[in-house]
Amino acid sequence: MAFSVNTNTSALSALFNLNGTTRQLESTQTHINTGLKISSAKDNAAIFSIAQKLRADLKGYNAVKQSLDRSISTTDIALAAAGSISDLLIEMKEKATAASDSGLDATSRTALNEDFIALRDQITTMVSNAEFNGTNMIDAGTDVVTAITNPSATQTITIAHQNMALGGGIVDVTATQTIATQVDASVTLALITASLTKVSASLTKLGAGAKSLEAQRVFADKIADTIEVGIGNLVDANMAKESANLQALQVKQQLGVQALSIANQAPQSILNIFGG
């Protein structure tokens, strides 16, 4: 081994190795602190890019789930109101049928008509209250439910408007309909019968739409969970492994410091050559 006071090869080698160990230790500590083995592009540019794209998709699916939740709530409100309207029509049919009896006395007919009017007006109340987040699917307006089903918002589920307002086309009974006379009752009875058929058809459409929304909501949850697991597989640190690495590197660093200290003392041996 050549002796030199200007260049300490052993010390340089020891310092190089110690610096390498320190960098590895810093990297391991970062993995432990963040829980990620890849937290930036410099760790692994390709994997980081893939993970970022998956994170964007995951955020997109969060928006999808929010859209589906709003649509499900809106449709559920419409379904509940439509079901109640169907029940009211059944009660109204009972009143109209009774009032169609030509032998009914005036007092009974008046009482039946008052009950009928109260039921009729309840339909108007239910229709106006069947609103969620500013959307009413069964009033005289044109609101529809449209839910996005993919992160790019290019695919949607749409549920059509069902106008169940009085005289709106599905419910043929008008806002001024009565059963005050036997003739009025007979006419009204026919309108109610037709309305019940149409309301049932609307309920089927709303129910099918609600089922599609709920199925898509479950699917969106599964997709989001799968993406999240995939991201974890790509970038999450193995904490047990990192803990073992940390201990090993800490020992290696201590040994490196000792090796550097020994190497730094080597030039002093030159003094022995000169009898120092």
Side-chain angles (χ1 to χ4, degrees), residues 68-147 156-215:
L68 288 167
D69 285 340
R70 287 193 300 272
S71 298
I72 289 170
S73 297
T74 303
T75 307
D76 284 347
I77 292 290
L79 269 171
S84 296
I85 290 171
S86 180
D87 292 339
L88 287 172
L89 286 171
I90 291 172
E91 291 188 54
M92 290 165 66
K93 183 173 182 178
E94 179 184 5
K95 306 299 180 185
T97 300
S100 296
D101 184 356
S102 59
L104 195 67
D105 62 89
T107 300
S108 297
R109 190 180 300 282
T110 298
L112 287 170
N113 187 52
E114 289 177 353
D115 288 345
F116 176 87
I117 291 172
L119 293 170
R120 179 200 69 193
D121 292 344
Q122 283 185 52
I123 292 178
T124 299
T125 300
M126 287 182 179
V127 167
S128 63
N129 290 334
E131 178 182 313
F132 180 83
N133 196 35
T135 301
N136 191 323
M137 294 184 65
I138 63 169
D139 63 3
T142 59
D143 291 344
V144 298
V145 163
T146 302
T156 60
I157 293 177
T158 300
I159 302 176
H161 189 87
Q162 304 293 323
N163 184 357
M164 294 189 186
L166 292 173
I170 293 175
V171 177
D172 293 327
V173 177
T174 67
T176 58
Q177 200 85 41
T178 67
I179 54 172
T181 67
Q182 186 270 333
V183 173
D184 289 342
S186 296
V187 171
T188 301
L189 180 58
L191 294 175
I192 292 172
T193 301
S195 297
L196 280 168
T197 300
K198 294 177 184 178
V199 169
S200 294
S202 292
L203 278 168
T204 300
K205 293 176 183 177
L206 291 171
K211 187 174 182 179
S212 295
L213 290 171
E214 289 177 354

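Just so you know, these numbers use all the heavy atoms, side chains as well, and skip hydrogens, waters and symmetry mates. Each residue takes its place number in the sequence, starting with 1.
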Apply side chain to side chain donor-acceptor pair (under 3.5 Å) to residues Asp105 and Ser108 and explain how you reach the verdict. CA-CA 6 Å; Asp105 62 89; Ser108 297; 2.9 Å; yes
Please evaluate residues Leu203 and Leu79 with respect to the criterion side chain to side chain contact (heavy atoms under 4.5 Å, CB included), reporting the C-alpha separation (whole Å), side-chain torsions for both, the decisive distance (0.1 Å), and the verdict. CA-CA 7 Å; Leu203 278 168; Leu79 269 171; 4.0 Å; yes
Quick one, Asp184 with Thr181, criterion side chain to side chain contact (heavy atoms under 4.5 Å, CB included). Give me CA distance, side-chain angles, the key distance, then yes/no. CA-CA 5 Å; Asp184 289 342; Thr181 67; 3.1 Å; yes
Go through Ile192 and Phe116 one step at a time and tell me if the side chain to side chain contact (heavy atoms under 4.5 Å, CB included) criterion holds. CA-CA 12 Å; Ile192 292 172; Phe116 176 87; 3.8 Å; yes
Show your working on side chain to side chain contact (heavy atoms under 4.5 Å, CB included) between Leu191 and Thr174 and close with a plain yes or no. CA-CA 9 Å; Leu191 294 175; Thr174 67; 5.8 Å; no
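Ion pairing between a basic and an acidic side chain is recognised when a charged N comes within 4.0 Å of a carboxylate O; Asp172 and Lys198 show such pairing.
A donor-acceptor pair shorter than 3.5 Å cannot be found between the side chains of Thr110 and Asn113. For the residue pair Gln182 and Ser102, no side-chain donor N or O sits within less than 3.5 Å of a side-chain acceptor on the partner.
Residues Leu206 and Thr75 share a closest heavy-atom pair of O-CG2, 3.7 Å. Residues Ala98 and Leu104 approach most closely at O-CD2, 3.8 Å, considering heavy atoms. Taking both residues in full, the closest heavy atoms of Ala78 and Ile138 are given as CB-CG2, 4.0 Å, listed atom of the first, atom of the second, then distance. The heavy-atom pair separating Val127 from Asn136 by the smallest distance is O-ND2, 2.8 Å.
When atom types are taken as modelled, the side chain of Arg120 and the backbone of Thr178 share no donor-acceptor pair closer than 3.5 angstrom. Checking side-chain atoms of Thr135 against main-chain N and O of Glu131 turns up no donor-acceptor pair under 3.5 Å.
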Indicate every side-chain donor-acceptor pair of residues 81-97 with a distance under 3.5 Å to a residue at least two apart or in another chain.
residue, atom, partner, partner atom, Å
Ser84, OG, Ala80, O, 3.1
Thr97, OG1, Lys93, O, 2.7

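Taking the side chain as every heavy atom from C-beta outward, Thr193 and Leu196 never approach each other to under 4.5 Å. By the 4.5 Å heavy-atom criterion applied to side chains, Ile157 and Leu213 are counted as neighbours. Between Val144 and Ile159, the closest side-chain pair of non-hydrogen atoms is not below 4.5 Å.
A distance of 13.0 Å separates CZ in Phe132 from CE in Met137, rounded to the nearest 0.5 Å. Rounding to the nearest 0.5 Å places CG of Asp143 at 11.0 Å from CG of Asn163. Atom OG1 of residue Thr124 and atom CG of residue Asp139 lie 11.5 Å apart, to the nearest 0.5 angstrom.
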